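In what follows, every chain begins at residue 1, and chains take the letters A, B, ... in the order their sequences are listed. Bear in mind the structure is a predicted one, so any value in this text is a computation, not a measurement.
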Number of protein chains: 2
Amino acid sequence: MPQSPASPSLKTLAAALGVSVATVSRVLSGQAERYRISVATRNRVLEAASASGIVVDQLARSLRLRRTLSIGLVIPDISNPFFAQLARQIERHARRHGYSVLIADSEEDAEVEAQAIRLMLSRRVDGLILAPVGTPATSAPLRSLGARPCVLVDRLLDDPPLPAVTSDHRRGAEIATLHLIERGHRRIACVQGSPGTFANDERIAGWRTAMAASGLPCGPERVAGTGYSIDAALAAAHALLMRGERPTGILALGNVLALGVLQAARDARISIPDDLSLVAFDDQLWAAVTSPPLTIIEQPIEALGREVLELLLARIASPTGGPPTRNILPVRLIERGSVRDLRPKIPALVPISHRAADPSDNATRRVAAP
Amino acid sequence: MPQSPASPSLKTLAAALGVSVATVSRVLSGQAERYRISVATRNRVLEAASASGIVVDQLARSLRLRRTLSIGLVIPDISNPFFAQLARQIERHARRHGYSVLIADSEEDAEVEAQAIRLMLSRRVDGLILAPVGTPATSAPLRSLGARPCVLVDRLLDDPPLPAVTSDHRRGAEIATLHLIERGHRRIACVQGSPGTFANDERIAGWRTAMAASGLPCGPERVAGTGYSIDAALAAAHALLMRGERPTGILALGNVLALGVLQAARDARISIPDDLSLVAFDDQLWAAVTSPPLTIIEQPIEALGREVLELLLARIASPTGGPPTRNILPVRLIERGSVRDLRPKIPALVPISHRAADPSDNATRRVAAP
DNA sequence: TTGAATTGCGCAAACGATTGTGCAACGCTC
DNA sequence: GAGCGTTGCACAATCGTTTGCGCAATTCAA
C-alpha cells in the first residue's frame with residue numbers, strides 16, 4: 001500500500017524513535033500500561049505520532065485481529081427515501097460505535113443481491129444488515145453466511161431463521177382502514193406496489209383484516225397495482241377509479257404510489273378529499289405540503305435504524321444460539337387533510353374527535369420464531 | 001478472522017488437494033497460465049473451490065497488493081434526495097468496475113467530515129469522493145490526503161486544487177431567471193438555503209447576472225433564507241411575500257426550500273401560479289405531481305455520479321501531475337405549471353414558444369485551474 | 001547416452017500491525 | 001556480593017494471500 005508522505009507506518013515511526021514496532025503499536029492502541037511501556041517512552045511515541053499525523057493501517061490490524069470493525073449494508077435502492085433515511089440512521093449509529101459502513105445497492109434484483117452478499121463476505125465485514133429484495137426468496141445466498149451475524153430489516157424470513165427488525169405494516173394498514181371506516185367510508189380500495197414483497201403483503205393483509213371485521217367487501221377487485229413506480233400506481237388508480245364501483249377511499253401502500261394516485265385523480269378531475277379520500281404510507285417532507293396535505297402512516301425510521309444496528313452489534317459481541325429476535329416496531333397515523341369525513345353532521349351532539357393510533361395497541365411486538 | 005464453516009481459506013483447500021497455497025492462489029486469481037500451472041491441477045483447484053464455496057479473503061489480498069479496490073464516499077446527508085441519488089449512481093458504477101463503496105455521512109459538520117476522511121484513509125481506500133460540507137472550508141483535513149486520489153463533487157476548491165465535477169448551478173439560475181423575465185416577470189426574488197455553500201452562492205450569482213443584464217433590481221432585500229430546511233424557507237418566503245414589494249416570481253434554490261415556499265403561499269392564501277410564480281431547483285418525483293406541477297431546474301445526477309467516479313478511477317489508475325480536471329455539467333429547465341405568463345395576450349400575433357435550455361449554452365465546461 | 005531446454009510446481013519472503021514470551025538491566029534485601 | 005523481584009522493552013510468530021526464484025522431473029535433440 002503506497003504510503004502518502006503525510007502518513008508514515010508504525011515501522012518508520014519506530015525507526016525514527018529508536019524503539020521497536022511492537023512498542024509503537026502498544027502505545028497507539030492504548031495498551032501502554034498493559035504492556036508496561038514506560039511513561040517517558042509512551043509520551044515520546046504519542047508526540048511523534050501526533051506530529052506526523054500517522055494513520056494506522058486498519059487493514060493490517062483487521063487481518064491480525066480477525067475483525068474489521070465494519071458492517072455491510074445491502075439495500076434494494078439507495079435513492080428510495082425510506083432506505084436513504086434508514087441508511088443514514090444506520091451509518092450514524094454505526095460510526096458512534098466505531099464501525100464503518102460498506103454499502104451496496106441490490107437494484108431490487110436477487111442476483112445482484114447475492115453478489116453483494118458474497119462481496120461483503122469477502123471483505124470480512126463483522127456483520128451484515130440486509131433489506132432483502134422482494135422476490136424471489138433470498139435464502140440460498142444467506143446460507144453462505146454461516147455463523148457470520150446478519151440481521152434483516154423490513155423483512156422476516158423463516159429459513160434461515162434470522163433476527164429481524166420491521167415496522168408493523170399489517171397494523172398500519174389496519175389503522176388506516178379503520179380510520180376511513182370510522183369516517184363513514186365503506187368502499188375502500190388499495191393501490192399496491194409489488195405483490196409478494198413483505199411490506200406490501202402485510203399491508204394488504206391488514207387492510208383485509210379491518211375490512212372483514214367490519215363486514216365490508218375486500219376481494220381482489222379492490223386491489224390494483226403490479227409494481228412500485230408512479231406509472232404503475234397511476235394505472236392501478238385509474239383502473240380503480242374508472243371501472244366498477246368507485247371507492248370513496250384509497251390506501252396507497254407507499255409514498256411513490258401516492259403520487260400515482262394523486263396524478264390519476266387529477267387526470268380524472270377527481271378532487272381530494274372531496275371526491276376521494278387518500279391515506280398514504282411512509283412520510284415524506286412533501287406529503288405535508290401538498291394540496292391537500294396527506295394523511296399518512298408513518299414508520300419509525302430512526303428507531304428502525306437504531307434497533308437493527310444494536311441487534312447486529314449484540315450478535316457480533318455475543319453470538320447466541322437461541323431463537324432469533326424479531327422486533328416489530330409500532331407505526332402511527334398522522335392525520336392531515338386528505339381524508340373526508342363522510343358521516344352525517346349532527347350538530348352539537350357528537351364531538352368530532354381526532355384519534356391517533358392508541359399507544360397500547362402498538363407496543364413493540366417480539367415475535368417468537370416459528 | 002473466524003472462518004465460517006462455509007468459507008475455508010486457501011490453506012485448507014491446498015491441504016485438501018495436496019498442493020501448495022501458492023498454487024491455489026495462482027489458480028483462483030486467474031493466473032494459472034502465467035505461472036504455468038498444469039490444466040489438470042488448475043481444474044482440480046477450480047472444482048474444489050466451487051464445491052467448497054470459498055470466499056477469498058479480500059483483506060489479506062489488499063494488504064499484499066497494497067490496493068483495496070474500494071472507494072470512500074463522504075457526503076453531507078445520505079437521506080437528502082440529491083445525495084441519495086448520487087450515492088446510488090456512484091455505488092452502481094463502482095460495483096461494475098469491481099470497486100466497493102465505503103460510505104460516511106458528514107452530518108453537514110466540518111469536524112465530522114474531517115473524522116470521516118481520516119477514517120477512510122485508515123481503511124486505505126484507493127480513492128475518495130467528497131461532497132464537502134458548505135462551511136467552513138475543508139482544506140485542512142484534505143492535506144492529509146497527500147497523493148491519495150480525491151475528487152470533489154458539487155464543489156470547487158482552490159486550495160488544495162482538486163479535480164471536481166459539479167453542475168452549472170450559476171447557469172441554472174440564469175436560465176430560471178430568464179425564463180421568468182421572458183414571461184413578463186420583473187420582481188423576481190430568491191429563497192436560499194445556507195449562504196456560503198457552493199451551490200447556493202453560485203445560484204445567487206446566476207440570478208444576479210440575469211437580473212442585472214435585464215436592468216432589474218437584484219439587491220439583498222430580494223434574497224431571503226438562512227438554512228436548508230422547510231422551516232427556514234417558510235420564514236424566508238413569508239418575509240418576501242409580506243414585507244416590501246411582493247415578488248411576482250420566486251426561485252427556490254432547492255427542492256426542500258420549494259416546499260417551504262409552497263407552505264408560505266398556502267398560509268398567505270396566495271395561489272401558485274396565479275398570484276406567484278415559482279421555479280424550484282432539483283427534480284423530485286413529487287414535484288411533477290403537486291398542484292400545480294413545478295417548473296424546475298434539473299441536475300444531471302446520473303451523469304454526475306458516472307463522471308465523478310470515472311474521474312476518480314482515472315486518477316487511481318494513472319496519477320497525473322497536471323492541473324486538476326474540473327467538469328461543470330449542464331443543467332436544464334423542465335417547464336411544468338408553476339410559472340404564469342404575465343405578458344399581455346396578443347391573439348395570433350406572437351406564437352407562444354416553449355424554450356428549454358439551449359444545448360449550445362450548456363456544453364460541459366472544462367474550467368482551467370486558477 | 002548426454003546435455004540442454006522446458007514444465008510445473010513449492011519455498012520463502014513480503015505486506016503492516018498485534019501479542020506472548022524471554023531476557024537484560026536495575027533495584028532491593030539479606 | 002549474591003539472589004530475587006521488578007521494570008521495560010525487543011524478538012519472533014501470527015494473520016491470509018501473493019509472487020520471485022530455485023529446483024526436481026521430464027522431454028527433446030544431437
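OP1 or OP2 of dG10(C) lies within a sub-4.0 Å distance of a side-chain N or O belonging to Thr23(B). Within the 4.0 Å cut-off from OP1 or OP2 of dC15(D), not a single side-chain nitrogen or oxygen of Ser62(A) is found. Between Arg64(B) and the phosphate of dA14(C), there is no side-chain N or O to OP1/OP2 separation shorter than 4.0 Å. Put simply, Thr41(A) has a side-chain N or O that comes within less than 4.0 Å of OP1 or OP2 on dC9(D). Close to dT19(D), at under 4.0 Å from its OP1 or OP2, lies a side-chain N or O of Gln31(B). Neither OP1 nor OP2 of dT7(D) sits under 4.0 Å from any side-chain N or O of Ser38(A). Look at Tyr35(B) and you'll find a side-chain N or O under 4.0 angstrom from OP1 or OP2 of dG20(D).
Side chain of Ser318(A) to main chain of Arg315(A): no donor-acceptor pair is present (N/O by atom type, distance under 3.5 Å, no hydrogens or angles). No side-chain donor-acceptor contact under 3.5 Å links Ser50(A) to the backbone of Glu47(A). One N or O on the side chain of Arg44(B) and one on the backbone of Leu17(B) form a donor-acceptor pair closer than 3.5 Å.
Taking atom CZ of Arg124(A) as the reference point, atom C1' of dG16(D) lies 9 Å away to the nearest angstrom. Between Leu17(A) atom CG and dC9(D) atom P the separation is 12 Å, expressed in whole Å. Counting to the nearest Å, the P atom of dT7(C) and the CZ atom of Arg42(B) are 17 Å from each other. Spacing between atom CG of Asp57(B) and atom P of dT18(D) amounts to 9 Å, rounded to whole angstrom units. Distance CD (Gln58(B)) to C1' (dC15(D)): 16 Å, rounded to an integer number of Å. Rounded to an integer number of Å, the gap from NZ of Lys11(A) to C1' of dA13(C) is 12 Å. Atoms CG (Leu63(B)) and P (dA13(C)) sit 18 Å apart, rounded to a whole Å. Put simply, CZ on Arg44(A) is 14 Å from P on dG8(D), counting in whole angstrom units.
Considering only side-chain atoms of Arg26(B), the nucleotide from dT17(D), dC11(D), dC21(D) that sits closest is dC21(D). Distances were taken from every side-chain heavy atom of Ser29(A) (C-beta onward) to each of dT18(D), dT18(C), dA10(D); the shortest belongs to dT18(C).
When each of Arg36(B) and Ala60(B) is assigned the nucleotide of DNA chain C with its nearest heavy atom, Arg36(B) is the one assigned upstream, toward the 5' end. Closest-nucleotide positions on DNA chain C for Leu10(A) and Val19(B) were compared, and the one nearer the 5' end corresponds to Val19(B).
Ser25(B) comes within 4.0 angstrom of a base, heavy atoms only. Within 4.0 Å of Val24(B), counting heavy atoms only, lies no atom of the nucleic acid at all. Contacts of Arg34(B) with the nucleic acid, taken as non-hydrogen atoms under 4.0 Å apart, involve only primed sugar atoms and P, OP1 or OP2.
Using modelled atom types, one finds no donor on one side chain facing an acceptor on the other under 3.5 Å when comparing Arg123(B) with Thr68(B).
Heavy atoms from other residues, nucleotides or ligands lying under 6.0 Å from CD of Glu302(A) number more than 12.
For the pair Glu107(B) and Arg96(A), the salt-bridge criterion is met [side-chain N within less than 4.0 Å of a carboxylate O].
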